[in-house]
Amino acid sequence: MEAVIFFVGAAAALAGALGVIAARNPVHSALFLLMTLVSMSVFFLLLEADLVAIIQIVVYASAIVVLFIFVITLLGVDEKEARIEPLRFQRPLAIGFGALLFAQIVVIAGNDWATGQRSVVGPLDDDERSGNVRRVAETLFTEYIWAFEITAVLLVIAVVGGVILARRSGHRPSAEASNA
Amino acid sequence: MPEIEIPEITASYYLILAALLFTIGAVGLLLRRNTLVMFMCIELMLNAANLTFVTFAKELDDIGGQVIVFFTLVVAAAEVAVGLAIIVAIFRRRPDVTADDINLLKG
């Protein structure tokens, strides 16, 4: 049963990924991306990462894809992507480099270079305090509390930076406030 | 009816799938010129990395792999917020969002 789910999910994920780079229309790309992201959430469920699977749907599939579609509607659909290539041979070279990259990843993984130590941070499931959400929360708020606080700062900086970048420049803030 | 052998899904299957998705994202980043689609390709690559993390979390029985996914998610969200703001800011100055047109710094 797990094999069936895996292969159906893998087909959907790969089809979605190829659709993202093949679709002419950016809206279609965004919808193909959504297909891949939902399939990923199925894999996370298969790998016993319940909380990550739900967060994947909530954050990626809703928030990030909606943000993409929002910006596409704001900017207008631009289908006339350049057919002329400023760099000659860019397409074949890109596909060649892609094949090379894939071969490198497989060789590295196949040579056991990426070995790991078992259970450095803590086991997936604890007998006394079981439950994936509880285990993730405990680790996040004990072992990784410092990193967690830093991500809060990172998000604030990103949001403030986004607001400043997207604000219409050339106006004084007071003039803008009175116009609005 | 011939018996179909159903393979057991090991970590290698997930890792190969993650490698394929990462490669597709990287190739897309090189092939496409539309900056929005390039961003989606970066999201694909980040997702492939997340799949690797979760696979190793299961394989090595380590909760750390799942916790790291949250930090990747935060970085992805911050990247999308700033990146889309940059695209909107560029769009104000010129009418389309093709990467080839943004060449003012070309040497």
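The sequence lines fix the lettering, A, B, ..., with proteins before strands; numbering per chain opens at 1.
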Sort [X] into side chain, backbone, both or neither according to what part of it lies under 4.5 angstrom from a heavy atom of chain B.
{"X": "A:L140", "result": "both"}
{"X": "A:F70", "result": "neither"}
{"X": "A:S29", "result": "both"}
{"X": "A:V59", "result": "side chain"}
{"X": "A:F32", "result": "neither"}

Practice problem: For A:F97, look at atom CZ and say whether over 12 heavy atoms of other residues, nucleotides or ligands are found less than 6.0 Å away. | Solution: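 12 or below, so no.
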
Exercise. Taking salt bridge (charged side-chain N to carboxylate O under 4.0 Å, His left out) as the test, write out the residues that go with B:E79, two or more places apart.
Key: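 Salt bridge (charged side-chain N to carboxylate O under 4.0 Å, His left out) check on B:E79 returns nothing, list empty.
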
Proximity breakdown for [X] and chain A, heavy-atom pairs closer than 4.5 Å:
{"X": "B:I16", "value": "both"}
{"X": "B:V54", "value": "both"}
{"X": "B:A11", "value": "neither"}

Exercise. Would you check if B:E59 and B:Y14 make a side-chain contact, meaning some heavy-atom pair closer than 4.5 Å?
Key: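 B:E59 vs B:Y14: side chains apart.
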
Self-check item: Contact leader toward chain A among B:V75, B:L15, B:N50, where contacts are heavy-atom pairs under 4.5 Å
Solution: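 With the most close heavy-atom pairs to chain A, the winner is B:N50.
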
Self-check item: Top contributor to chain A interface from B:V67, B:T23, B:N47, B:L20 [non-hydrogen pairs under 4.5 Å]
Solution: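 Looking at each of B:V67, B:T23, B:N47, B:L20 in turn, B:N47 comes out on top.
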
Quiz item: Within residues 39-47 of chain A, which positions have a heavy-atom distance to chain B below 4.5 Å?
Solution: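 Against chain B, the residues of residues 39-47 of chain A that fall inside the cut-off (heavy atoms, under 4.5 Å) are A:M40, A:F43, A:F44, A:L46, A:L47.
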
